[in-house]
Amino acid sequence: MASENGNVIRWNCTADGKLIDNRREFLKVVALVTMLIDHIGMIFFPDVLALRIIGRIAFPIYAYLVATGLDWTGNKFLYFLRLAIIAVLAQYGFSLFVPGCFNIVFTFALFVPAYWLWRSGHKAVALLLALASCLVEYNLYGLLLVAVLRLADRHKVRAMLLCLLLTALYCVLANNPVQAFSLLALPVIFRGPCLNYQIPNWLWRWFYPVHFLILMGVKLLCVH
């Protein structure tokens with residue numbers, strides 16, 4: 001067990017010597033499951049609102065894991081490159097169900113250079129780069145939420161209040177009241193339990209692009 005800025009961080013040493021945070025492993029499971037439920041609802045049961053409500057939990061958890069994942073990588077450029085590759089590979093499957101929009105992983109990839117440009121003093125360039133998120137699912141709200149959740153481990157109250165404000169604005173401006181249920185992710189992020197199991201990296205990284213193709217295959221089988 002370790003401590004950072006007064007926050008207790010729970011660690012578990014895996015067989016290969018790498019350190020993991022067991023709480024993050026739990027969040028990964030919740031993110032994967034709720035996202036899958038959301039997309040099953042979107043594709044097969046569009047009239048079942050409960051599935052979309054459950055699915056709202058996924059995005060803030062993904063945003064938190066990506067934002068704080070910068071502290072877990074030794075190579076920021078490779079971290080960005082991996083996100084960019086996943087975004088590109090996922091786009092075909094995503095566009096089958098949500099045409100005319102880029103998938104949310106593009107926002108996650110944009111956040112990495114925008115964040116470091118901002119931190120290094122190139123704020124105008126960072127802001128210009130951030131504007132590119134307007135072309136992506138969730139628009140600028142998505143990128144701002146990632147930035148806010150970057151604060152979550154060290155400034156919990158501030159992060160929660162900003163999440164509330166951003167989500168309320170998005171619900172009003174985008175006329176999307178269902179997104180308010182994304183706030184259910186906050187207690188999971190801040191008070192989630194540990195999971196004494198490490199999610200395989202390949203599953204965590206490639207589930208998003210692959211699951212769209214699987215769902216499309218299932219839909220085609222159902223049609224025929």
Side-chain angles (χ1 to χ4, degrees), residues 1-42 48-74 79 82-83 86 104-105 107-108 111-112 138 141-142 144-168 178-208 210-211:
M1 185 173 289
S3 177
E4 180 180 335
N5 291 338
N7 297 310
V8 176
I9 303 174
R10 291 157 287 204
W11 304 92
N12 179 54
C13 191
T14 62
D16 60 6
K18 293 182 179 179
L19 292 173
I20 63 170
D21 180 347
N22 290 13
R23 189 174 61 88
R24 288 177 66 84
E25 299 305 303
F26 171 77
L27 292 176
K28 288 177 183 179
V29 172
V30 176
L32 290 174
V33 171
T34 53
M35 180 190 69
L36 182 59
I37 290 172
D38 181 44
H39 292 166
I40 288 174
M42 176 180 71
V48 182
L49 184 60
L51 298 178
R52 306 310 309 278
I53 288 173
I54 293 170
R56 298 310 93 210
I57 295 171
F59 172 59
I61 296 177
Y62 269 104
Y64 167 79
L65 290 170
V66 168
T68 56
L70 286 169
D71 299 325
W72 291 82
T73 180
Y79 187 68
R82 185 163 58 241
L83 287 168
I86 292 172
I104 193 60
V105 185
T107 290
F108 296 154
F111 172 76
V112 178
Y138 286 117
Y141 160 72
L144 291 174
L145 193 67
V146 180
V148 165
L149 288 170
R150 173 76 183 155
L151 305 172
D153 287 341
R154 295 175 178 83
H155 306 286
K156 288 184 173 62
V157 175
R158 188 186 307 174
M160 288 188 356
L161 290 174
L162 288 172
C163 282
L164 287 167
L165 176 61
L166 278 175
T167 303
V178 176
Q179 189 60 29
F181 289 97
S182 68
L183 296 172
L184 294 174
L186 295 183
V188 181
I189 291 171
F190 292 111
R191 294 294 180 183
C194 292
L195 178 67
N196 291 320
Y197 174 76
Q198 183 177 11
I199 305 302
N201 284 333
W202 62 265
L203 178 63
W204 172 241
R205 292 172 182 172
W206 302 111
F207 185 87
Y208 184 76
V210 172
H211 90 286

- Query: So which heavy atom on Ala152 is nearest to which on Ala159, and how close?
  - Reply: CA-CB, 3.9 Å

- Message: Rounded at 0.5 Å granularity, tell me how far CD1 in Ile37 sits from CD1 in Ile54.
- Response: 5.0 Å

- Task: Classify the angle between the aromatic ring planes of His211 and Phe207 as parallel (below 30°), tilted (30 to 60°) or perpendicular (above 60°).
- Result: parallel

- Which word best sums up how the rings of Phe59 and Tyr141 line up, parallel for under 30°, tilted for 30 to 60°, or perpendicular for over 60°? tilted

- Task: List for me each residue that meets side chain to side chain donor-acceptor pair (under 3.5 Å) alongside Tyr64, sequence neighbours excluded, and say none if there are none.
- Result: Arg23, Asp153

- Task: Kindly compute the distance separating CD1 (Ile40) from CZ (Arg52), expressed to the nearest 0.5 Å.
- Result: 11.5 Å

- Query: Which residues satisfy the ring pair (Phe, Tyr, Trp, His ring centres under 6.0 Å) test with Tyr79, sequence neighbours excluded?
  - Reply: none

- Cys163 and side chain to side chain contact (heavy atoms under 4.5 Å, CB included): which partner among Ile189, Leu145, Leu151? Leu145

- Determine, stepwise, if the pair Ile57 / Phe181 fulfils side-chain contact (heavy atoms from CB on, under 4.5 Å). CA-CA 7 Å; Ile57 295 171; Phe181 289 97; over 6 Å; no

- Message: Taking side chain to side chain contact (heavy atoms under 4.5 Å, CB included) as the definition, give me every residue that meets it alongside Leu183, ordered by chain and number, with sequence neighbours left out.
- Response: Leu164, Thr167, Leu186

With a 3.5 Å cut-off and sequence neighbours excluded, list the donor-acceptor pairs that the side chains of residues 26-36 form with protein atoms.
| residue | atom | partner | partner atom | Å |
| --- | --- | --- | --- | --- |
| Lys28 | NZ | Glu25 | OE2 | 3.3 |
| Thr34 | OG1 | Val30 | O | 2.6 |
| Thr34 | OG1 | Ala31 | O | 3.3 |

- Pairing residues for Arg56 by the salt bridge (Lys or Arg N to Asp or Glu O under 4.0 Å) criterion, not counting sequence neighbours: Asp38

- Taking the side chain as C-beta and beyond, is there a heavy-atom pair between Tyr208 and Val105 under 4.5 Å? yes

- Sequence neighbours left out, what passes side chain to side chain contact (heavy atoms under 4.5 Å, CB included) with Pro200? Give chain and number order. Tyr197, Trp202, Leu203

- Message: Going by the rule side chain to side chain contact (heavy atoms under 4.5 Å, CB included), which residues pair with Ala67 if we only count those two or more places apart in sequence or in a different chain?
- Response: Phe111, Val146, Arg150

- Task: Scan for salt bridge (charged side-chain N to carboxylate O under 4.0 Å, His left out) pairs involving residues 190-204, sequence neighbours excluded, and state none if there are none.
- Result: none

- Message: Pair Thr68, Arg24 - check side-chain hydrogen bond (donor to acceptor under 3.5 Å, both in side chains), show working.
- Response: CA-CA 10 Å; Thr68 56; Arg24 288 177 66 84; 2.6 Å; yes

- Any idea which heavy atoms bring Ser182 and Pro60 closest together, and the distance? O-CG, 3.6 Å

